[in-house]
Each structure stands twice: as structure tokens, then as C-alpha cells.
Amino acid sequence: MQKTVFNKRTPIKFKQFGRKGYSLFACLRKEVLIGTLSVATLTCAKADGISVEPIKPDTAKTSREVRLEEVNVTGSRAPLTRGQQARMVTVLERADIQAAPVQSLNDLLKYAVGVDVRQRGPIGAQTDISIRGGNYEQITILLNGINICDPQTGHNAFDFPLDISDIERIEVLEGPAGRVYGTSSLVGAVNIVTKRVDGNSIDAHVDGGSYGYLNVGARAALAGKTSHSLSANFTRSDGYSRNKAGGLNADYNGGKAFYQGTYDDDQISVSWHAGLSTRGFGSNTFYGAKWDDQYEHTLKTYTAIQGENKKGRFHLKPSIYWNRSMDRFELFRNAPDIYPFNYHRTDVYGVNLNSYFDWALGRTALGAELRNEDLVSGNLGEPLSKTHHIHGTDRDYEYGLNRTNISFVLEHNILLKRFTLSAGIVAVKNSWNEMRMRVYPGIDASYRLGDNWKVYASYNTSLRMPSVTELYYSVGGHKADKHLKPEELAAIEGGIKYGSRLMEGNVSVYHNHCKNIIDWIRHTDDPDAPWESVNFTKLNATGVQTALTFHLNEMLPRQDVLRKLNIAYNYIDQNKVEKQGIQSQYALEYLRHKLVCNLQLHLWDKLNMSINYRYQDRTGTYTNVEGQVEEYKPYGIVDTRLSWNAEKYNFYVEANNVFDKSYVDYGHVPQPGIWVMAGASIHLDI
């Protein structure tokens, strides 16, 4: 069907659409377009300059592009569709997730050219995620729009209660996002959106492979006016390395369970979720090269409820959430008599109210959030006036920290036919260290030039409060400073995008100006010198990011093997480097060069293949197991996936690090060589 507008006002629901047949439909006063995004370049969704009145379709959006305009993505405080956003938002769709040769969200983000994924272990055992030269503490992680960051540390931020098969899409917002996501989103944010129930069904999958890897999971869904879904999975591995005594030290086992429900009628929409994640993993030399038998266990729970009214001029969307995180770290596995275990428990309570209304001059949004972070610990924080017993032990939590963050947001959006403008401010006050109210502004704009070219520009600011670890972790060769200042960042960005039937491309230039950046540094002239948490005075970073997508089946229509080729590159340069005698752990270690490529092939019938390549060149140094300081070396990794994709079932074989390269993402922790896995999944409608 090639008609753009149908005169139907009843809702239309798409459950499936094929490769060669495409549909366009319109709801009241809005336009909807459908197509695909690439996994290698993670093509950005940005403002198309669409007005609130029906307009002619953008010829730059061919049938090969995904522009599901009626789906809201969070690039602004007000709910705007993907076509209306003035902010660059990277969106990874469900089809891209299924095609990628990965088994965890952490691995999936490796193919995002602006994202730095630093692994200490595979399968998401522990992974630090950062954006555009920042560090793992400087991004906000959200689950269905709910902030699930842990104020204790960002090391375990990607410990989600759901399997990768539960994810509908991933939204990555690059750059400061204070007025969108609040504090912690200093250099960006990642929002995980789970699958909604669209029918009664049962799904199951099983995967297995190298190093004793096994993953088993299932999901059941029940649709109706009130819909429910429940998923669970278990993952384990013996790990790819051993300690000096020959025992396991990179092993992993963990279970996840996730329930979500929705209620919809003509007046309101309500959704809620509850999730649990428990895992234990060998930390070999994660926190020090001297000890190769470390171990860590985490238990996390997530609960939230959100609502929204559907009618009326003034729209309200309140939410309430509670997240709990429990962590036990063992410097020597199963040996508390040699070194006492570190225990921590964090409870985060939040109340959020977003609202918006439309009027003659556009759409205005108002928001407020109250977030309380409460931590009790065996060694972090100030002495408690009343201790709390540590369950299952003969010890008590003797230290802790409680702080409350209050934020208010005002934003206005102007939506014209070719021009989109979004501007606002966030005011923040935190009870920690008697911080005064601070205000951070931001503005985004985009303009469409003809049918194929689009330009955009933005200026945004944000802040981040220090984590409790940065403030108080003074054990195990570390010395923290509890008087650290909050980090602040201001960023400008400009770019241009081109799109046609045969190819797509974009290029952007950005500059980050950072104040009081927090890092752990060490004086290398003293072998016994501790790692100290400090504030850098200023740090400037300039970057260039570009991507190209070639639709090979359109460029070479007589063949059906070559489908798509994606190439993306990101370059960053900072004005500070490591000085002689000083080693940085995070702030001065960043990816100067990152290149990602993806080739998608259709081999025969339902048999498809994806080949992925990524090249990374990191600045900075690390101390190896012999105590010597080394520079990071560049490396290139090839991953591939071969899959048979039928309507109700799927079989696949995939290999990571095909050429068995030796490399490190973080310091002295070597990454595994070639890792081969195979699996199958099934979908049943009931």
C-alpha cells in the first residue's frame, strides 16, 4: 500500500510486516512511517521538523528506513514522537537486537560507535559503560524510563532483571541530559524499553557454548484490558581463566525474573513492573592485580508503577519506584578470615511527576522528582547512630549515607513543518554536603533542507553527584575524599544528516567542557602508593562522529545476497593527558578511535548471516600483574552470526573474537579468545 493517509479513526495494530511490503497509516492529525535501523551504526533518530498538522511524507525516508513516528522516544522532557524530536537519539530496534551476535545488553552496546564498553568479564559479569569519553559513573541507566542507577557504584549498573529477549528497543541519548533524565546523566543516558504484550503467547530459548556456557529462559504473556507477562532465565559459565592454584576465577552463574503488567481504558493507562536479578561471579583480578581469586555476589530488586491520563488538555504522568541493591565482595573467595568481606545495601526511593499541555505556541512540559538514596555498609559512609544487622552473618552494617535529591524541570517545544526547537532548564538541589539549588539550561534545534538533508545543533548542561564509593572507599589500596565536588559539564554539538533510497549518512561534531571531573589517580613513583579519588579542575574533549549505510540490495537490485553495509567511526581528543609519574584509572583513559562495521547477508531461503568488526584504540596506561606500567594497545575484533529465521522458531550459531585476538578492555584483566555459541528459540501463540 502506498497511500499515506487513511480516513479511519479507529486504532490500527501491526503485528508483522514483510521485507517487500510496507504500509503507511495515519492517526488523527499525525503521520506514521515504518522501516529498519542498522545494528552496526545504530542510526540516530532525530528531528524531522514535522508539524502537528498532516504534511507530505518525507521522501528521504524510504521503505528501507525505520521511522515509527508514533512511538515516543525520550530525547526531551515532553513526550514527542521520533519524528518530532530535536535531540539526537540513537534507537536500536528489536530486529537489530535479534540479528546481533551477542548474548547480553553489554555486548550489544559494543556496536554503538559513541559508546565505550569496558569489560572485566563476559556475559555481562561486570561491564563499565560510558559515552563519548566519559566514565561509567557519568551516565544514567533507565528501565522503562525509571532511573535504576546505584549511588554506591556504577560498576554494577548494567545488572538488569531481564533477559535480552525481553527488550523491545534501546534508546541512547548522547550528551548531557540533565533536563530529560535528571542528575547522573552527565554525558548521556541509556533507556531500556521492554516488550509489551500483544497477544497470548509462550516463548522459550536455550543457548550453549564455550567454557561451559549455558543460558535457558522462557516468557509467558497474557493479553487483555489488563495484560501480564512473566519471564525468567538462568545463565552459567565456568569462565575462561583460572587462578594460580588452578581454581575457577572467572566463573559466572545468575538468575533473573521479570514481571510487568498494564491496564488500559479510554481514560487512563497504567503500567507496573517488578524484577529480580541475582548473580555470583569470579572477579579474578578485577580490583587489583595482586589478588587473582576475588569474588562478588549481587542481589537486586526493582519495582515501579506509572500512570498517565489519555484525555484532557493537561496530561499527567506520575511514577513511583523502589530499587534495592545488595552486594558482597570477597577479596579472597570464601576466606573472610584472611580479609573481611565487604557488604553493602542500597535502597533508592523515588517519586516522579511529569506533565505537559499543548497550546498555540507549542508544547510545554513541567516535571518534578524527589529521589532518596539510602546506603548502609560495612565500610562506606559515616558512622551510623544505630547499626543494622547483616542478614546471614554475625556482623552489622556500621556505616552509611542518606541523601535526597530534588529537581524541577521546565521545557518548551516549538514544532513547525521543517523546524523543531526544544529548550528548557532543570533546577537541582541535593541534601549531601548542604548543596545549594543549581540551574542547568539546554536547547536543541533541527531544520530540514529539502527532502534529503537535515541539520541540527544543541547546547546542553548537566551535573553528577559523587558516588558513595568515590566519597568513602578507603580500603584495599584506595584512599577516598569525602569532600569531592559534584561534576559539571556543558556540551555543544552540530551535525548534518543525509538520507536517500540507496544510502544514508550523518556526521556530527561535539565539544564537552567538564569541571570538577572525578577520577582515581595513583603516583607510580611509589609502588605502595594508593589510588586516590580527586577532582580535576577542567577537562575539554572534542569529537567527530560519522556513519554511512549502503542499501546494497537497492544499489545492486539483480542480486539478493548482499543486503546492507554499515560503517561508523568516532574520534575523541582531550586536552589533558597523563603526566609523568601519575596514572589515571578512568578520566584520562578513553577511546580516541573507534570504528565499527557490519555486513548483512541473505544466503539462502531463511538463512542469514551477519559479520561485525570493531576497532578500538584507547589512550592511557595500566599496571600489569608484574607491577609494570603499560600503554593500552589497539585491537580489532570480528564477530559473526549465522541464523535460520522462521516465523515461529529460530536456530543460530555465532562466534565472538573469531580470530582469537588477545586484548584487554580494562587494565590487567585479559578478555577471552574465540567464544562459540549455538542456540534455538520458539514462539507459540496460545
field: Gap between atom CG of Leu484 and atom CG of Asp519 - 0.5 Å precision
entry: 11.0 Å
task: Go through Asn612 and Asp639 one step at a time and tell me if the side-chain hydrogen bond (donor to acceptor under 3.5 Å, both in side chains) criterion holds.
output: CA-CA 5 Å; Asn612 293 69; Asp639 304 322; over 6 Å; no
Where Val187 and Leu489 come nearest, the two heavy atoms and their spacing: CG1-CD1, 3.8 Å
message: Check this for me, if you would: do Asp159 and Lys256 make a salt bridge, where the nitrogen-to-carboxylate-oxygen distance has to be below 4.0 angstrom?
response: no
Salt bridge (charged side-chain N to carboxylate O under 4.0 Å, His left out) partner of Glu589, chosen from Lys576, Arg618, Arg118: Arg118
- prompt: Are Arg120 and Asp665 ion-paired here, with the side-chain N under 4.0 Å from a carboxylate O?
  reply: no
- prompt: Would you say Asn309's side chain and Leu316's backbone share a donor-acceptor pair under 3.5 angstrom?
  reply: yes
query: Within the side chain of Lys485, is there an N or O that forms a donor-acceptor pair under 3.5 Å with the backbone of Lys515?
result: no
message: Measuring only between side-chain heavy atoms, which start at C-beta, is Thr404 closer than 4.5 Å to Trp432?
response: no
query: Are Asp347 and Arg324 close enough for a salt bridge, meaning some N to O gap below 4.0 Å?
result: yes
task: Would you confirm whether the ring centroid of Tyr615 sits within less than 6.0 angstrom of the ring centroid of Tyr613?
output: no
query: Judged by atom type as modelled, is there a donor-acceptor pair below 3.5 Å linking the side chain of Gln545 to the main-chain atoms of Ser508?
result: no
task: Would you mind checking if Arg132 and Asp116 are paired as a salt bridge, meaning a charged N to carboxylate O distance below 4.0 Å?
output: no
- request: Look at the side chain of Thr549 and the backbone N and O of Glu504, then say whether any donor-acceptor pair between them is shorter than 3.5 Å.
  value: no
field: Side-chain heavy atoms of Thr262 within contact of Val270, under 4.5 Å
entry: no
task: Please check if the side chain of Ser533 supplies one atom and the backbone of Glu470 the other of a donor-acceptor pair under 3.5 Å.
output: yes
- line: Hits for side-chain contact (heavy atoms from CB on, under 4.5 Å) against Ser231, two or more places apart or cross-chain, chain-then-number order -> Asp166, Arg219, Phe258
- request: Answer whether the closest heavy-atom distance between the side chains of His551 and Met503 falls below 4.5 Å.
  value: no
query: Can any side-chain N or O of Ser185 pair as donor or acceptor with the backbone N or O of Ala177 at less than 3.5 Å?
result: yes
query: Does the side chain of Ser271 pick up a donor-acceptor pair with the side chain of Gln260 at under 3.5 Å?
result: no
- prompt: So, Asn516 and Asn535: side-chain donor and acceptor under 3.5 Å apart, yes or no?
  reply: no
message: Assess, by modelled atom type and distance only, whether the side chains of His511 and Glu493 contain a donor and an acceptor separated by less than 3.5 Å.
response: no
message: Is the ring pair Tyr447/Phe419 parallel, tilted or perpendicular, if the boundaries are 30 and 60 degrees?
response: tilted
- request: State, without any angle test, whether Thr194 and Asn144 hold a side-chain donor-acceptor pair at a distance under 3.5 Å.
  value: yes
- prompt: Which heavy-atom pair separates Arg418 from Gly450 by the least distance, and what is that distance?
  reply: NH1-O, 3.1 Å
Gap separating the CG atom of Asn540 from the SG atom of Cys514, nearest 0.5 angstrom: 7.0 Å
message: Run the side-chain hydrogen bond (donor to acceptor under 3.5 Å, both in side chains) test on Asn570 and Tyr510 for me, step by step, so that the C-alpha distance in whole Å, both residues' side-chain angles and the decisive distance to 0.1 Å come before the verdict.
response: CA-CA 11 Å; Asn570 188 58; Tyr510 54 91; 3.0 Å; yes
message: Between Thr420 and Asn413, is there a side-chain donor-acceptor contact under 3.5 Å, judged purely by atom types and distance?
response: no
- request: Start with the C-alpha gap between Thr140 and Asn147, add the side-chain angles, then the distance that decides, and say whether side chain to side chain contact (heavy atoms under 4.5 Å, CB included) holds.
  value: CA-CA 7 Å; Thr140 296; Asn147 187 335; 3.8 Å; yes
Under-4.0 Å salt bridge between Arg592 and Asp617: no
- request: Could you label the plane-to-plane angle of the Phe357 and Phe314 rings as parallel, tilted or perpendicular, counting under 30° as parallel and over 60° as perpendicular?
  value: parallel
message: Could you tell me if the side chain of Asn156 sits less than 4.5 Å from the side chain of Asp150, heavy atoms only?
response: no
- request: Using modelled atom types only, decide if a donor and an acceptor are shared between the side chain of Arg169 and the backbone of Leu92 within a distance under 3.5 Å.
  value: no
- prompt: Are His273 and Tyr302 close enough that their ring centers fall under 6.0 Å?
  reply: no
Atom pair CD1 (Ile443) and OG (Ser422), whose distance is rounded to the nearest 0.5 Å: 8.5 Å
Over 12 non-hydrogen atoms of neighbours within 6.0 angstrom of NZ in Lys538: no
field: Leu539 to Gln574 - nearest heavy-atom pair and separation
entry: CD1-OE1, 3.7 Å
query: Should Tyr321 and Ile305 count as side-chain neighbours, where that means a heavy-atom distance under 4.5 Å?
result: no
query: Going by atom types only, do Asn352 and Ser319 share a side-chain donor-acceptor pair under 3.5 Å?
result: no
field: Side chains of Gln119 and Gln126 in contact at under 4.5 Å (non-hydrogen atoms)
entry: no
Donor-acceptor under 3.5 Å (Ser130 side chain, Gly133 main chain): no
task: Would you mind checking if Glu488 and Arg438 are paired as a salt bridge, meaning a charged N to carboxylate O distance below 4.0 Å?
output: yes
message: Can you give me the closest heavy-atom contact between Val596 and Arg614, atom names plus distance?
response: CG1-CB, 3.8 Å
query: For Thr346, does its backbone N or O pair with a side-chain atom of Ser325 as donor and acceptor, under 3.5 Å?
result: no
- request: Check the side chains of Asp444 and Asn460 for a donor-acceptor pair under 3.5 angstrom, ignoring hydrogens and angles.
  value: yes
message: If the threshold is 4.0 Å, N to carboxylate O, is there a salt bridge linking Glu168 and Arg94?
response: no
statement: Here the pair of heavy atoms bringing Tyr459 nearest to Thr461 is OH-CG2, 3.4 Å
Enclosure of Lys195 NZ (heavy-atom neighbours >12, cutoff 6.0 Å): yes
- prompt: Do you know the tightest heavy-atom contact between Pro151 and Arg403?
  reply: CB-NH2, 4.0 Å
message: Treating Lys497 as the side-chain partner and Asn452 as the backbone partner, does any N or O pair qualify as donor plus acceptor under 3.5 Å?
response: no
query: Between Tyr571 and His593, how do the two ring planes meet: parallel, tilted or perpendicular, split at 30° and 60°?
result: tilted
- request: For side-chain hydrogen bond (donor to acceptor under 3.5 Å, both in side chains), just list the numbers for Asn135 and Tyr590, CA-CA rounded to whole Å, side-chain angles, deciding distance to a tenth of an Å, and then say yes or no.
  value: CA-CA 8 Å; Asn135 65 54; Tyr590 63 93; over 6 Å; no
query: Got a sec, which residues hit ring pair (Phe, Tyr, Trp, His ring centres under 6.0 Å) with His412, two or more places apart in sequence or on another chain?
result: Trp359
message: Using a strict threshold of under 4.0 Å (side-chain N to carboxylate O), is an ion pair present between Glu373 and Arg371?
response: yes
message: Would Asp573 and Thr542 count as a side-chain hydrogen bond (donor to acceptor under 3.5 Å, both in side chains) here? Give the steps.
response: CA-CA 5 Å; Asp573 180 66; Thr542 301; over 6 Å; no
field: Parallel, tilted or perpendicular: ring planes of Trp453 versus Tyr498, cut at 30 and 60 degrees
entry: tilted
